[in-house]
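Okay, so here's the structure we're looking at.
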Amino acid sequence: IEVSRANVDDIRTQGDAVVLYVQGKGHTEKDAPVRMPGHVETAIRAYLKARGKTASGAPLFASTSHNNLGKRMTTRSISGIVKHSFINAGYDSPRLTAHSTRHTSATLNLLNGATLQETQQLLRHGNLQTTGIYAHNLNAIKNKSSQRVNNAIFNERSNTAGKIGSEKNLAKLDSVNCSVSTLFPCTVNAYSTIISIGTMIMANIHTTYGVMSLANDFISPYPIFLIT
């Protein structure tokens, strides 16, 4: 909605920075300056030059459709352009929308050292707790507890203290008797039980944090698109 509402004269110079004043949802004024990186400004200036002469109050991004030629682009059209760009980049998922770029901005900002207050200002959140959700999700994703449990059970090389996963211990687990029937049926092989627990853990992570099915995707060049 901020992109749709933007006008050509909303681009202004403030000190040593070029900013775009935006009107966010629930606001009546364009009172939020967003600093524009140099390459973004260059691209927009080239786009405006290609459009030809425009009035200062003209929409920053104009429609090229026959029904709305030269007029303000709708939020639906903008969302469609962003979605098409996602697909061209190889991210074809119904979970990815134009709003995903907002999540991307917030998460990358935090990952690169920004404070919660700075990120709150970037997103124009009225409540800092709303911004804190991003930090919480990042901390949860960085939590290596599930890997530590895996290392302890399967005796993988780790700096984790107190590992219990030697072959001897696994043998004991495999010969588990009926005294633990209150937890697992005696007919279930211990290895299967361990694998099942791991599967449940991963399913919970998938459900809670919206991580896409391939874990390796999370370390792709555009990782935050995978969090919605």
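Hydrogens, waters and symmetry mates are skipped; everything else that's a heavy atom, side chains included, is used.
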Test side chain to side chain donor-acceptor pair (under 3.5 Å) applied to H66 - qualifying residues, sequence neighbours left out: none
Pairing residues for N88 by the side chain to side chain donor-acceptor pair (under 3.5 Å) criterion, not counting sequence neighbours: H84
R124 vs V34, side-chain contact (heavy atoms from CB on, under 4.5 Å): CA-CA, chis, key distance, verdict: CA-CA 10 Å; R124 296 167 293 285; V34 178; 3.5 Å; yes
N143/R148 under side-chain contact (heavy atoms from CB on, under 4.5 Å): CA gap, chis, key distance, verdict: CA-CA 10 Å; N143 190 330; R148 294 189 191 100; 4.1 Å; yes
When you measure from the side chain of [X] to the backbone N and O of [Y], does any donor-acceptor pair fall under 3.5 Å?
{"X": "S4", "Y": "T74", "result": "no"}
{"X": "N137", "Y": "I141", "result": "no"}
{"X": "E118", "Y": "T115", "result": "yes"}

[X] versus [Y]: any side-chain heavy-atom pair under 4.5 Å?
{"X": "Y134", "Y": "N109", "value": "no"}
{"X": "L110", "Y": "L116", "value": "yes"}
{"X": "V22", "Y": "R5", "value": "no"}

Which donor-acceptor pairs under 3.5 Å do the side chains of residues 35-43 make with protein atoms, sequence neighbours left out?
from : atom 1 : to  : atom 2 : distance (Å)
E41  : OE2    : R45 : NE     : 3.4
T42  : OG1    : G38 : O      : 3.0

Contacts of K30 that satisfy salt bridge (charged side-chain N to carboxylate O under 4.0 Å, His left out) - sequence neighbours left out: D10
side-chain hydrogen bond (donor to acceptor under 3.5 Å, both in side chains) partners of residues 11-21, not counting sequence neighbours, each pair once: Q14-Y21
Over all heavy atoms of both residues, which pair between [X] and [Y] is shortest? Give the atoms and the distance, please.
{"X": "P59", "Y": "G70", "answer": "CG-O, 4.1 Å"}
{"X": "A58", "Y": "R51", "answer": "CB-NH2, 4.3 Å"}
{"X": "A106", "Y": "L123", "answer": "CB-CD1, 3.5 Å"}
{"X": "N7", "Y": "S56", "answer": "CB-O, 4.3 Å"}
{"X": "N127", "Y": "Q120", "answer": "C-NE2, 3.7 Å"}

Do [X] and [Y] share a hydrophobic cluster, counting only Ile, Leu, Val, Met, Phe, Trp and Tyr and linking them when any side-chain heavy atoms are less than 4.5 Å apart?
{"X": "L122", "Y": "V18", "answer": "no"}
{"X": "L60", "Y": "V19", "answer": "no"}
{"X": "I133", "Y": "L128", "answer": "no"}

With sequence neighbours excluded, residues passing ring pair (Phe, Tyr, Trp, His ring centres under 6.0 Å) with F61: Y47
Short side-chain donor-acceptor distance under 3.5 Å, T131 and H125: yes
Rounded distance [0.5 Å steps], [atom1] in [X] versus [atom2] in [Y]:
{"X": "S100", "Y": "K83", "atom1": "OG", "atom2": "NZ", "answer": "7.5 Å"}
{"X": "L48", "Y": "T54", "atom1": "CG", "atom2": "OG1", "answer": "5.5 Å"}
{"X": "T97", "Y": "H99", "atom1": "OG1", "atom2": "NE2", "answer": "7.0 Å"}

The single option from I81, L96, D92 passing side-chain contact (heavy atoms from CB on, under 4.5 Å) against F86: L96
Enclosure of E29 CD (heavy-atom neighbours >12, cutoff 6.0 Å): no
